[in-house]
2 protein chains.
Amino acid sequence: MRFQKTTEYAIRAMVYLAKHPGQRLSTRSLHESLDIPYKYLGRLMSRLAEAGLVSVEHGKHGGYQISENRDSIYLYQIAEEVEGLEDYERCILGFPDCSDEHPCALHDRWVAHRENIKAMLYETTLADLEEEPTKQP
Amino acid sequence: MRFQKTTEYAIRAMVYLAKHPGQRLSTRSLHESLDIPYKYLGRLMSRLAEAGLVSVEHGKHGGYQISENRDSIYLYQIAEEVEGLEDYERCILGFPDCSDEHPCALHDRWVAHRENIKAMLYETTLADLEEEPTKQP
DNA sequence: TAAATATACTACCTGAAAGTAGCATTTAGG
DNA sequence: CCTAAATGCTACTTTCAGGTAGTATATTTA
C-alpha cells in the first residue's frame, strides 16, 4: 500500500524543481539534493521530459525545469507516467468482476479510502504543495 | 497503492473460511472457489496455519478452518503475516527522516488517508465483513 | 575547433514476488 | 495394513522493479 519507489523519486524530483522555478537543474544536482541513484534518476528524468512534465536542455549547463506553471501539474500526472493509475480502479481483493453493484467483502470500506486518495492525486498541484510552510526533510 | 497479490489471496481465503464456520476446507476447494493457483495457495495456507490464523488437519479429509472466533481476527493480522505493515509507517515519498515535526511536502495530506486505512485494518474483523449483505463476486 | 559537461540510449545485473513441480509425510477408513 | 487424499517441504522458473555501466550525442565556451 505505497507508491513504487520510482514514483516516489519522480514526485520528489518534480517537487524540487517546482521549488526552484526558472532554474535549470542537472541530474547531478538533483541526485545530490534528493539522494536518488544518479544513473537511475537520469533515465527517470528523460521519461518525465518525454512525457512533457519537464523541459530539457542538452549539453553543457543543460538540465531540467518545470515545463509549465506549477499550478497546472497535478500529482496524478506524475503517478500516471511512472506506475500508471490502474491500481485505483482495481478491486482491493483482486476479484476481476467486483463492482459497486457486485461488491466483494471489503469493497465498500475500501472504496471510501481509495476515492480520497484519488482526490488527493487529482486535485493537488505542485503549487499546492508549495503553499504550506513545510520543510523538506 | 494496493495490496500484494499474496495478501489479496490471504484475505480472500480468510473471508471465505469465515463464511463457512466449523467446516474444514481443503486447499483444493479453496482453489476452486477463489481462483487462486493451487500450489501457491497451499504454501500460503501453511503460512497462515503456522501464524495461528487458521487451524489445520492433516491427512485424508484434512484442511483448514478459522482458528478462533471470527470476531477476534483483524485484517491487520493477515496483512502483517503476508506483506508486513512497514508501508503504513513509511514516508509517502520515501524520505527516511520524514515525520510530523519534519514533514515532506506530501506528509500532512497523506497521513490523513494512511491513518484511515490503518483504522480499517486495525478495527475490521472477519465477522464485521460478514455483517453486510454483500455478495462475493 | 576542441574540451568539458550535460542528456540519451542500450545492455546488463540483482533481488523479490509470483508461480510451478515433485516428493515426503500424515491421517481416515475399507 | 494398505490405499487414497490431504498438507508440508524443497527446489526451480519467470517476471519485473530497481539499479549499474558504458558509450553516443548535444551544447557551451575557452
Side-chain angles (χ1 to χ4, degrees), chain A residues 1-13 17 23-65 67 78-79 81-84 86-87 90 93-94 96, chain B residues 1-13 17 23-65 67 78-79 81-84 86-87 90 93-94 96:
Chain A
M1 202 64 74
R2 51 169 284 197
F3 286 134
Q4 289 177 7
K5 222 167 183 182
T6 310
T7 304
E8 294 177 356
Y9 292 163
I11 296 176
R12 283 199 215 180
L17 290 178
Q23 292 183 41
R24 213 163 37 228
L25 298 177
S26 68
T27 301
R28 177 71 53 193
S29 75
L30 291 170
H31 154 71
E32 286 165 355
S33 298
L34 298 172
D35 195 31
I36 300 170
Y38 172 68
K39 279 290 199 179
Y40 194 69
L41 177 59
R43 282 195 308 181
L44 174 58
M45 294 311 298
S46 284
R47 283 174 66 184
L48 298 178
E50 194 175 13
L53 293 171
V54 296
S55 66
V56 56
E57 289 289 327
H58 290 81
K60 196 169 181 177
H61 300 157
Y64 305 92
Q65 60 189 76
S67 61
I78 305 171
E81 181 55 33
V82 178
E83 66 175 51
E86 296 79 14
D87 288 356
R90 191 170 200 283
L93 297 185
Chain B
M1 200 64 76
R2 51 169 285 199
F3 286 135
Q4 289 178 8
K5 222 167 184 183
T6 309
T7 304
E8 295 177 356
Y9 293 163
I11 296 176
R12 284 199 215 178
L17 289 178
Q23 292 183 42
R24 209 160 42 223
L25 298 177
S26 68
T27 302
R28 178 70 54 190
S29 75
L30 290 170
H31 154 71
E32 287 165 356
S33 297
L34 297 172
D35 195 32
I36 301 171
Y38 172 68
K39 276 292 196 177
Y40 195 69
L41 178 59
R43 282 196 307 182
L44 174 57
M45 295 311 298
S46 284
R47 282 174 67 186
L48 298 179
E50 194 175 13
L53 293 172
V54 296
S55 66
V56 56
E57 289 289 328
H58 290 83
K60 195 167 180 174
H61 300 155
Y64 305 92
Q65 59 189 76
S67 61
I78 305 171
E81 181 54 33
V82 178
E83 65 176 51
E86 297 78 13
D87 288 356
R90 194 169 196 282
L93 298 185

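Every chain is numbered from 1 and lettered A, B, ... according to where its sequence line falls, protein lines coming before strand lines. Computed from a predicted structure; not experimentally measured.
- Summarising the geometry, the separation between CZ on A/R12 and P on D/dG18 is reported as 12 Å, rounded to the nearest angstrom.
- Minimum atom distance to the side chain of A/Y40 is reached by D/dG19, of the listed D/dA4, D/dG19, C/dA8.
- Listed candidates were D/dT28, D/dT20, D/dT7. Nearest to the side chain of B/T27 is D/dT7.
- Looking at the side chain of B/H61, the nearest of the listed nucleotides D/dT10, C/dA8, C/dA28 is C/dA28.
- A/K60 places its NZ atom 7 Å from the P atom of D/dA30, with the value rounded to the nearest Å.
- Remark: C1' of D/dT20 and NE2 of A/H31 are 13 Å apart, rounded to the nearest angstrom.
- Counted within 6.0 Å of CD on A/E50, heavy atoms from surrounding residues, nucleotides or ligands total 12 or fewer; the atom is thus considered open.
- Summarising the geometry of A/H31 relative to A/Y38, their closest heavy-atom pair is ND1-N, 3.5 Å, with the distance given to 0.1 Å.
- Distance from the side chain of A/K5 is smallest to D/dG18 among D/dT7, D/dG18, C/dA6.
- With rounding to whole Å, B/D87 atom CG is found 11 Å from C/dA17 atom P.
- For the pair A/L30/A/L17, a side-chain contact is recorded, criterion being any heavy-atom separation below 4.5 Å from C-beta on.
- The nucleotide whose nearest atom lies closest to any side-chain atom of A/Y38 is, among D/dG8, C/dT7, C/dT10, C/dT7.
- Closest to the side chain of B/K39, from the set C/dT7, C/dG19, C/dG22, is C/dG22.
- When the P atom of C/dA17 is taken as reference, atom CD of B/E81 falls 13 Å away, rounded to whole Å.
- Here D/dT27 is the nucleotide among D/dA5, D/dG19, D/dT27 with the atom lying nearest to any side-chain atom of A/H58.
- For A/R43 against D/dG18, no side-chain N or O and base N or O form a donor-acceptor pair under 3.5 Å.
- A heavy-atom distance below 4.5 Å is not found between the side chains of B/Y9 and B/L34.
- Closest to the side chain of B/Q4, out of D/dG22, C/dT27, C/dA18, is C/dA18.
- Residues B/K39 and B/R43 fail the side-chain proximity criterion, which asks for heavy atoms closer than 4.5 Å.
- Going from atom CD of B/E57 over to atom P of C/dA28 covers 7 Å, rounded to whole Å.
- In this structure, the nucleotide among D/dG8, C/dT7, C/dA18 sitting nearest to the side chain of B/S46 is D/dG8.
- Protein atom CZ of A/R2 is 14 Å distant from nucleotide atom P of C/dA16, rounded to whole Å.
- Taking side-chain N and O atoms only, A/Y9 has a distance below 4.0 Å to OP1 or OP2 of D/dG19.
- In this structure, CZ of A/R28 is placed 10 Å from C1' of C/dA6, rounded to the nearest angstrom.
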